[in-house]
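When reading the values below, keep in mind they use all heavy atoms of this one structure, side chains included, and skip hydrogens, waters and symmetry mates. The structure displayed is predicted, hence computed values, not measured ones. First the proteins, then the strands, lettered A, B, ... as listed; each starts at 1.
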Number of protein chains: 2
Amino acid sequence: MVTLAEVAQHAGVSASTVSYVLSGKRSISAGTRQRVERSIRELGYHPNAGARALASSRSNIIALMVPLRTDMYVPVMMEIAIAVATTARPHGYDVVLLTGEEGPDAVRRVTGSGLADAMILMDVELEDERLPLLRHTDQPSVLIGLPAETTGLTCVDLDFTATGTLCVQHLAGLGHRDIAVIGEAPAVYERHTGFAERTLDGLRSTARELGLRLLHRPCEGGYDAMALTLSRIFDERPGTSGFVVQNESAIEPLLALLRQWGRAVPEDVSVVAICPDQVAAQASVRLTSVAIPAQEMGRRAVEHLVAKLDGRGKDEVVLLGPELTVRASTGPAPAA
Amino acid sequence: MVTLAEVAQHAGVSASTVSYVLSGKRSISAGTRQRVERSIRELGYHPNAGARALASSRSNIIALMVPLRTDMYVPVMMEIAIAVATTARPHGYDVVLLTGEEGPDAVRRVTGSGLADAMILMDVELEDERLPLLRHTDQPSVLIGLPAETTGLTCVDLDFTATGTLCVQHLAGLGHRDIAVIGEAPAVYERHTGFAERTLDGLRSTARELGLRLLHRPCEGGYDAMALTLSRIFDERPGTSGFVVQNESAIEPLLALLRQWGRAVPEDVSVVAICPDQVAAQASVRLTSVAIPAQEMGRRAVEHLVAKLDGRGKDEVVLLGPELTVRASTGPAPAA
DNA sequence: ATAGGTTGTCGAAGCGCTTCGACTGCGGTG
DNA sequence: CACCGCAGTCGAAGCGCTTCGACAACCTAT
């Protein structure tokens, strides 16, 4: 293993000079810089992460807390995680993956041990138990998601309330009066996961405003659960002609079941999905959808964090405006 | 930030004693141990990761290289990543996420900087350019996947060759003579990704053995790509009655299209999927499938790595035996 | 009683890096 | 022409931990 000292010797300078070449924190003459850089290359030198962290009390690592639960929307998580990792690298940061398993203890461990310089939290609940800890530490953090109380926090999220509104407006504009919402699994609501509840708020308040009837049904993914849910919906509201789906693993089952019920999409019923564009575009019917901009969220979270670490950047709530793309799954409501 | 020295002072012992309480590398009297542990708790002490890494030249971090590409099977990746992270924690390791972006440089960086003690590589190609580096370092590593040449490497993977065999045997046993394979995206084969090629080997050799006709068609996921692929298959081999699918995003489109073609599953055609059990069970038809044991693979990879890090454990190739679960998507071939 | 082994604890020497203060020349200024 | 300031470099002091050798206290076997 090559050390700073070896590079220094090879280049005929002192260790501190090499360090300053690397960090750029003091000016170095062009000649010396080149000599040092050449030695670094020739020896294949990589600074030792531990030593660097110890001396500078900066680990150059960002912690990413992903939910452990698998009742959640996995592809979105993965996309965010990858976006976080790829955005962090060019800024000089690596990413450690913490699963939700440890809960608040993970936050304590990270801040206490200096394992990471900053944290990104996903799967935020409205009253998340990790938040008080976050507020009482000087480690920068960004939430992907929106809790009930955001003072002193930085959050990045899709504006799910507006998303709900947008879905209802679109269906209302097409003349649908009876709308069913296929939601996430019940457990997601029981935990008071921010995005699920806020979507619902948006859906409900807009439906009320526009005088539509709205039926919300949480749904575990999968064909059987969806079959049961759908038959109950048609039992209760046979006239339902608009659907909003916010559970990826319910989408294809829903489409299959609607066919089975003899309801053509979009002639008889319209379906709006809340999911990544790729999923919407690849479904067996091209779905009108509001996109979940996973990459964008991951990227933004990192950029805010880096800004904070550099001393720029303040606490802020960034809500990305939802965009509804009309595809082939929505159309005018059938005449009553 | 609480330090070892502060804990030592609080407990009235020397720093080294506290260190030995933490590591258990020397015997400590019960009384002293308790006093120290109490101080640790009261002060909320967490050892500083950087200092520990520097002094011990052990970072207690495992690097996980995930593929950047999104043409791959994302849920499986995520499941593996989560399994890796949750298995690593109880062994005292954290996980850093490296995206494939950096390629072989990431390996150099990790080994050179002591960022991690060991690596897990995913998305292994048959002639992966990272392998030579891995062989020339003393850092333990485990591949999730199987390259062409495995000497000096430890690999964990599903036995995809046997998986292919199993799929064909199952269909052959039901009397199917004409089989179509819906494969991964063409890019996956162009990269010579291990699992894809080995599955194909298993499928082909078994088909030859049993005298079946086999048509392999790579397929980008999604409805349109699948539609095109399927119509070509029926053009070329109208009598095709057995399908093997190894591309999650082609599954639902395939099922939808088969309905559209008027081919009932499983009465007219049988479909075997290679995918996680959860996906197979939740599809619009309960799919007969060979499971991809993502969690198991992640867990095993970590356990091998930890064994190596503890000085136990040798290079070894672990191939998990495939298991085919019969569900509702396969049945006897229709009379010709 | 004495040599020899255990057990429990301490002090000190690093691990490889960053960073601060100090020093040396230099060119520009009054 | 003496002086100041600055660019460029160096030496040394840590950062917080692990680990080695030393040592005191005790126990056992002779």
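Summarising the geometry, the separation between CG on B:L54 and C1' on D:dT18 is reported as 10 Å, rounded to the nearest angstrom. Regarding B:L22, its CG atom lies at a distance of 9 Å from the P atom of D:dC17, rounded to whole Å. The CZ-C1' distance, from B:R35 to C:dG8, rounds to 12 Å in whole Å. In this structure, the CG atom of B:L115 is 14 Å from the P atom of C:dC17, given to the nearest Å. Here C:dA13 presents its P atom at 18 Å from CG of B:L4, a figure rounded to the nearest Å. Between the CG atom of B:N60 and the C1' atom of D:dT18 there is a distance of 13 Å, rounded to whole Å. Remark: P of C:dC17 and CG of B:N48 are 17 Å apart, rounded to the nearest angstrom.
Side chain B:S14 to base C:dG11: no donor-acceptor pair is found below 3.5 Å. Interface remark: the B:R26 side chain does not form any donor-acceptor pair with the D:dT19 base, using a distance-only criterion of under 3.5 Å. In terms of polar N and O atoms assigned as donor or acceptor, the side chain of A:R52 never comes within less than 3.5 Å of the base of C:dT18 in a complementary pairing.
Base contact: A:S19 has a heavy atom under 4.0 Å from a base atom. Across all strands, A:I28 comes closer than 4.0 Å only to sugar-phosphate atoms, never to a base (heavy-atom distances). Residue contacts shown for B:T32 are limited to sugar-phosphate atoms, with no base heavy atom under 4.0 Å away.
Remark: B:E190 CD to B:E125 CD distance equals 11.5 Å, nearest 0.5 Å.
Distance from the side chain of B:V13 is smallest to C:dC10 among C:dT18, D:dT19, C:dC10. The nucleotide whose nearest atom lies closest to any side-chain atom of A:A51 is, among D:dC17, D:dC10, C:dC17, C:dC17. Which of D:dA7, D:dC15, D:dG16 sits closest to the side chain of A:S27 comes down to D:dA7. The listed nucleotides are D:dC10, C:dA12, D:dG8; the one nearest the side chain of B:S16 is C:dA12.
The side chain of A:S29 contributes an N or O atom lying less than 4.0 Å from OP1 or OP2 of D:dT9. Taking only side-chain nitrogens and oxygens, A:K25 comes nearer than 4.0 Å to OP1 or OP2 of C:dT19.
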A:I61 and A:V95: CA distance, side-chain angles, deciding distance, side chain to side chain contact (heavy atoms under 4.5 Å, CB included) verdict: CA-CA 6 Å; A:I61 287 183; A:V95 173; over 6 Å; no
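Each of B:L131, B:D128, B:I120, B:T154 was evaluated against B:L143; a single residue qualifies, B:L131, per the side chain to side chain contact (heavy atoms under 4.5 Å, CB included) test.
Of the charged side-chain nitrogens involved, at least one lies within less than 4.0 Å of a carboxylate oxygen, so that B:R198 and B:D157 count as a salt-bridged pair.
Heavy-atom contacts from other residues, nucleotides or ligands closer than 6.0 Å to CD of A:Q9 number 12 or fewer.
Of the two residues contacting DNA chain D, namely B:Y20 and B:H46, the nearest-nucleotide position lying further toward the 5' end is that of B:H46.
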